Participant: 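Just passing along the structure, written as structure tokens.
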Amino acid sequence: MTRWARLTMTTSLNDARAPMSDQVRCRFAPSPTGFLHVGSARTALFNWLYARSVGGTFVLRIEDTDGDRNRPELIEVIFDELRWLGIDWDEGPLFQSDNRDRHRQVVSDMLSNGQAYVVDEHNEPVDGTELVDGQAVRFRVPVGETVSFIDSVRGDVSFATDDLEDFVVWRSNGTPPFLLANAVDDADMGITHAIRGEDLLSTTPKVQLILQAMGVTPPTYAHLPLLVNEQRKKLSKRRDDVSIADYRSRGYLPEAMVNHLALLGWGPDDDIEIRPIEEIVAKFTLERVNKSAAFFDIDKLDHFNATYIQQLDPDTFVANIMPHLTADERFGAAVDESVVRQFAAEVQQRVNVYADAGEWYDWLFLDDIEFDDKSFTKGLVKAKKGAEVLDGVIAAFGDCEWTAEVLNETVRGVGDELGVRSAVPVRVAVTGRSGGIPLYEPLEVLGRDAALKRLNLARERLAAV
RNA sequence: GCCCCGUUCGUCUAGCGGCCUAGGACGCCACCCUCUCAAGGUGGUAGCACGGGUUCAAAUCCCGUACGGGGUACCA
């Protein structure tokens with residue numbers, strides 16, 4: 001049995017149509033023309049949320065009719081990103097291209113019924129009610145009528161057919177355009193709720209006309225507000241940094257991503273934003289979906305991600321950041337997992353994204369640190385008695401007991417003697433930065449020789465300023 | 001141009017006629033904590049686009065204006 005044969009079975013089931021509310025069927029229908037981006041992922045998520053929230057079925061369909069831009073190798077990638085996000089599907093993947101004969105049949109029927117007509121390359125109508133190779137078919141849009149429907153998000157929406165031109169339902173290259181294939185497939189698959197982006201709102205009357213011509217009851221539509229960039233324009237793969245895969249590789253957690261995405265165009269009634277997906281499913285309704293566009297705010301995503309990272313058990317955290325650390329070309333080869341583990345708790349509460357973990361650890365694995373200019377200026381050059389502090393610490397570190405506790409007391413002692421705060425200058429000298437995880441335990445691990453080497457280096461550099 | 005949709009703090013949102021002196025979150029600022037930076041805690045900053053109605057009462061309903069967006073393809 002082919003994939004599509006299974007579909008047609010659903011169709012016949014659906015034809016019997018006793019649409020019960022517990023028979024909700026949603027679908028996500030990406031076209032494999034690019035990587036999964038945040039806008040598509042949000043659409044997929046809302047379909048999934050709705051299906052799960054009402055115990056319905058979530059179907060995955062690949063809209064691979066756009067021959068030229070189609071990139072089959074991306075199909076698996078899209079699946080992989082969906083799985084990563086935790087968006088699982090109950091049926092499919094089904095491939096639109098498998099339904100080509102059916103699409104052709106529908107258009108053919110339209111021609112014989114006079115609902116559509118053949119046009120030549122100049123868009124001039126051609127006599128005849130048969131599909132002709134090399135010629136397109138246009139739908140005959142009725143005159144003076146109104147197409148209206150109830151959108152679950154937007155309420156009543158209506159369009160005058162007079163504002164619609166006779167749109168193409170079959171291309172001259174022998175393939176169905178999106179409008180036709182999408183409408184037919186939704187009907188055949190018994191889709192009850194089409195949840196999609198608002199950019200498709202104005203194509204809806206055309207879809208309704210097609211369905212009407214087929215004698216099929218259209219699904220309920222829900223048009224989600226668009227995700228926009230800083231300029232308030234629809235997110236675009238070209239302009240915007242929106243690939244789910246990119247976020248994944250930088251070390252965002254799927255839980256954080258999904259949680260954040262769920263809050264774009266929807267909000268719970270109880271002010272609790274960060275919460276498990278099960279709770280979001282339980283609270284989700286289409287009626288609560290907003291109408292206005294939402295900006296994808298990375299700062300907020302970062303906050304969510306940091307929160308989810310903090311909740312991780314330490315072993316998982318270490319396991320997850322290790323690949324990012326060892327992949328770092330500056331110090332990756334020197335990374336010692338036991339050291340990573342020793343200070344993981346401190347890093348875990350500071351890091352927003354796994355990929356940033358290196359910034360907290362690097363000085364422990366680097367032979368030669370680089371000084372952050374701002375830190376060096378503020379922490380040493382402009383610090384009171386910066387040079388004296390370093391001199392004092394260098395002298396004291398030469399023979400003091402090398403334990404975190406003693407190191408702490410020693411640095412403090414030098415500062416007290418000089419009447420200044422000594423911790424930051426030492427930190428800058430040893431780590432290159434003015435901020436970081438608590439200093440003395442790592443310093444104990446780093447060792448006396450390395451510490452002295454850096455202190456002396458910093459002292460020389462300071463003298464040269 | 002035409003059609004459609006939208007408009008609550010900078011951002012994401014709660015609000016579905018009185019509970020609003022408009023709540024939460026991110027960001028930002030301050031303070032506490034503190035070896036630093038974070039985290040955490042406390043406090044603060046900032047908004048119903050505008051104008052008309054309707055109503056005893058409007059962020060909430062109606063109309064208009066402005067602004068923004070989407071569509072208007074043999075793309076999806």
Side-chain angles (χ1 to χ4, degrees), chain A residues 29-31 33-34 40 63 65-70 119 121 123 135-138 151 153-155 157-160 162-165 167-182 196-206 223 225-226 228 230-234 260 262-274 287-288 290-304 306-307 309-310 345-352 359-360 375 379 404 407-409 411-412 415 421-428 431 433-440 443:
Chain A
S31 60
T33 54
S40 307
E63 307 221 324
T65 45
D66 187 10
D68 292 344
R69 299 198 307 162
N70 239 0
V119 294
E121 57 272 26
N123 269 325
Q135 299 201 311
V137 176
R138 282 182 180 270
D151 186 290
V153 171
R154 273 147 228 286
V157 182
S158 58
F159 294 81
D162 291 354
D163 291 324
L164 270 28
E165 57 182 343
F167 53 92
V168 171
V169 288
W170 197 255
R171 296 191 188 113
S172 54
N173 69 0
T175 63
F178 160 77
L179 227 43
L180 188 281
N182 188 268
R196 23 135 69 165
E198 196 203 333
D199 50 343
L200 295 174
L201 184 58
S202 45
T203 70
T204 308
K206 297 175 188 171
H223 288 93
L226 256 21
V228 298
E230 299 88 326
Q231 285 80 241
R232 298 253 127 205
K233 304 266 193 216
K234 179 169 79 160
H260 182 246
L263 263 24
L264 261 24
W266 176 85
D269 54 6
D270 60 6
D271 286 342
I272 300 174
E273 295 194 327
I274 298 182
E287 288 64 39
R288 286 188 70 84
N290 294 145
K291 298 176 175 67
S292 50
F295 170 63
F296 184 80
D297 184 0
I298 292 179
D299 282 341
K300 189 153 182 171
L301 205 216
D302 279 351
H303 173 257
F304 277 35
T307 303
I309 284 178
Q310 283 174 39
E346 297 293 348
V347 175
Q348 192 173 352
Q349 62 179 283
R350 270 161 251 257
V351 95
N352 288 331
E359 294 170 20
W360 302 90
S375 298
L407 294 173
N408 189 349
E409 285 165 11
V411 170
R412 198 185 296 253
R421 292 168 71 83
S422 53
V424 171
V426 173
R427 174 181 289 279
V428 173
T431 72
R433 299 193 189 89
S434 56
I437 59 175
L439 187 62
Y440 302 106
L443 200 54

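Proteins get letters first, then strands, A, B, ... in listed order; numbering begins at 1 in each. Note that the structure is a prediction, hence the values are computed from the model and not measured.
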Participant: Could you check how far CG of A:Asp270 sits from P of B:rC12, rounded to whole Å?
Facilitator: 20 Å
Participant: Is B:rG1 paired to anything, Watson-Crick or G-U wobble with both distances less than 3.5 Å, and if yes, which nucleotide?
Facilitator: B:rU72
Participant: Look at the side chain of A:Asn408 and the backbone N and O of A:Tyr440, then say whether any donor-acceptor pair between them is shorter than 3.5 Å.
Facilitator: no
Participant: Say we look at B:rC12 and B:rG18: how far apart would their P atoms be, to the nearest angstrom?
Facilitator: 26 Å
Participant: Provide the distance between the two P atoms, one in B:rG64 and one in B:rC26, to the nearest whole Å.
Facilitator: 40 Å
Participant: Got a sec, which residues hit salt bridge (charged side-chain N to carboxylate O under 4.0 Å, His left out) with A:Lys300, two or more places apart in sequence or on another chain?
Facilitator: A:Glu273
Participant: Quantified in whole Å, what is the C1' atom distance between nucleotide B:rA66 and nucleotide B:rG51?
Facilitator: 10 Å
Participant: How far, in whole Å, is B:rU36 from B:rA22 if one measures between their C1' atoms?
Facilitator: 40 Å
Participant: For A:Arg433, which residues count as a side-chain hydrogen bond (donor to acceptor under 3.5 Å, both in side chains) partner, sequence neighbours excluded?
Facilitator: A:Asp362
Participant: Between A:Trp266 and A:Pro177, who's closer to the 5' end of RNA chain B by nearest nucleotide?
Facilitator: A:Trp266
Participant: Quick one: look up who B:rC20 pairs with, Watson-Crick or G-U, both distances under 3.5 Å, and put none if it's unpaired.
Facilitator: none
Participant: Is the backbone N or O of A:His303 less than 3.5 Å from a side-chain atom of A:Thr307, with the two atoms forming a donor-acceptor pair by type?
Facilitator: yes
Participant: Between B:rG24 and B:rU42, how far is it from one P atom to the other, in whole Å?
Facilitator: 12 Å
Participant: Students often get this wrong, so: under 4.0 angstrom with heavy atoms, is A:Pro268 touching a base, only sugar-phosphate, or nothing?
Facilitator: sugar-phosphate
Participant: Starting at CG of A:Leu264 and ending at C1' of B:rU13, how long is that distance when rounded to a whole Å?
Facilitator: 10 Å
Participant: Quantified in whole Å, what is the P atom distance between nucleotide B:rC3 and nucleotide B:rA73?
Facilitator: 15 Å
Participant: State the pairing partner of B:rA46; accept Watson-Crick or G-U wobble contacts with both distances under 3.5 Å, and report none otherwise.
Facilitator: none
Participant: Treat primed atoms plus P, OP1 and OP2 as sugar-phosphate and everything else as base, then score nucleotides 59-71 of chain B 5' to 3': B for base contact with protein heavy atoms under 4.0 Å, S for sugar-phosphate contact only, - for none.
Facilitator: ----------SSS
Participant: Return the minimal non-hydrogen interatomic distance between A:Ser292 and A:Pro225, and the atom names on each side.
Facilitator: O-CB, 3.1 Å
Participant: For A:Gly197, which contact category applies under a 4.0 Å heavy-atom criterion: base, sugar-phosphate, or nothing?
Facilitator: nothing
Participant: Using purine N1 to pyrimidine N3 plus N6-O4 or O6-N4 for Watson-Crick, or N1-O2 and O6-N3 for G-U wobble, each under 3.5 Å, what pairs with B:rU54?
Facilitator: none
Participant: Under 3.5 Å, is there a donor-acceptor pair between the side chain of A:Gln348 and the main chain of A:Ile309?
Facilitator: yes
Participant: Mind checking A:Glu165 for me? I need base, sugar-phosphate or nothing, with any heavy atom below 4.0 Å counting as a touch.
Facilitator: sugar-phosphate
Participant: Listed by chain and number, what are the salt bridge (charged side-chain N to carboxylate O under 4.0 Å, His left out) partners of A:Arg421, not counting sequence neighbours?
Facilitator: none
Participant: With both distances under 3.5 Å as the test, what is the Watson-Crick or G-U wobble partner of B:rU60?
Facilitator: none
Participant: B:rC2, B:rA76, B:rG15: which one has an atom nearest the side-chain heavy atoms of A:Asp163?
Facilitator: B:rC2
Participant: Mind listing the closest non-hydrogen atom pair of A:Gly265 and A:Ala294 along with its distance?
Facilitator: N-CB, 4.4 Å
Participant: Find the distance A:Leu179:CG to B:rC75:C1' and express it as a whole number of Å.
Facilitator: 11 Å
Participant: Report the residues that fulfil side-chain hydrogen bond (donor to acceptor under 3.5 Å, both in side chains) with A:Ser172, sequence neighbours left out, ordered by chain and then residue number.
Facilitator: none
Participant: Rounded to whole Å, how long is the line connecting atom CG of A:Leu164 with atom P of B:rA73?
Facilitator: 11 Å
Participant: Taking the same atom, P, in B:rG10 and in B:rG71, what whole-Å distance lies between them?
Facilitator: 27 Å
Participant: Are any of the side-chain nitrogens in A:Arg154 or A:Glu198 under 4.0 Å away from the carboxylate oxygens of its partner?
Facilitator: yes
Participant: Which of the following nucleotides, B:rC4, B:rG15, B:rC74, is nearest to the side chain of A:Asp269?
Facilitator: B:rG15
Participant: Rounded to the nearest Å, what distance is computed from the NZ atom of residue A:Lys291 to the P atom of nucleotide B:rU7?
Facilitator: 7 Å
Participant: In whole Å, I'd like the distance from the CZ atom of A:Arg138 to the C1' atom of B:rU72.
Facilitator: 13 Å
Participant: In B/S/- notation, 5' to 3', how is nucleotides 23-38 of chain B contacted by protein heavy atoms closer than 4.0 Å?
Facilitator: BBBS--------BBBB
Participant: Would you mind pulling out the nucleotide paired to B:rA66, Watson-Crick or G-U wobble, both distances under 3.5 Å?
Facilitator: B:rU7
Participant: Any base atoms under 4.0 Å from A:Ser292, or only sugar-phosphate, or nothing? Heavy atoms, all strands.
Facilitator: sugar-phosphate
Participant: Using atom CD1 of A:Ile274 as one end and atom P of B:rA14 as the other, report the distance to the nearest whole Å.
Facilitator: 17 Å
Participant: According to the Watson-Crick and G-U wobble definitions, with both distances under 3.5 Å, which nucleotide is paired to B:rU34?
Facilitator: none
Participant: Does A:Ser375 reach the main-chain N or O of A:Val428 with its side chain, forming a donor-acceptor pair under 3.5 Å?
Facilitator: no
Participant: Side-chain N or O of A:Arg288 versus OP1/OP2 of B:rG15: is the shortest distance under 4.0 Å?
Facilitator: yes
Participant: With a 4.0 Å cut-off on heavy atoms, is A:Asn290 in touch with a base, just the backbone sugar-phosphate, or nothing at all?
Facilitator: sugar-phosphate
Participant: Between B:rA58 and B:rG17, how many Å separate the two C1' atoms, rounded to a whole number?
Facilitator: 6 Å
Participant: Where the side chain of A:Arg350 meets the backbone of A:Glu346, is there a donor-acceptor pair that is under 3.5 Å apart?
Facilitator: yes
Participant: Which sits closer to the 5' end of RNA chain B, A:Gly265 or A:Glu121, going by the nucleotide each is nearest to?
Facilitator: A:Gly265
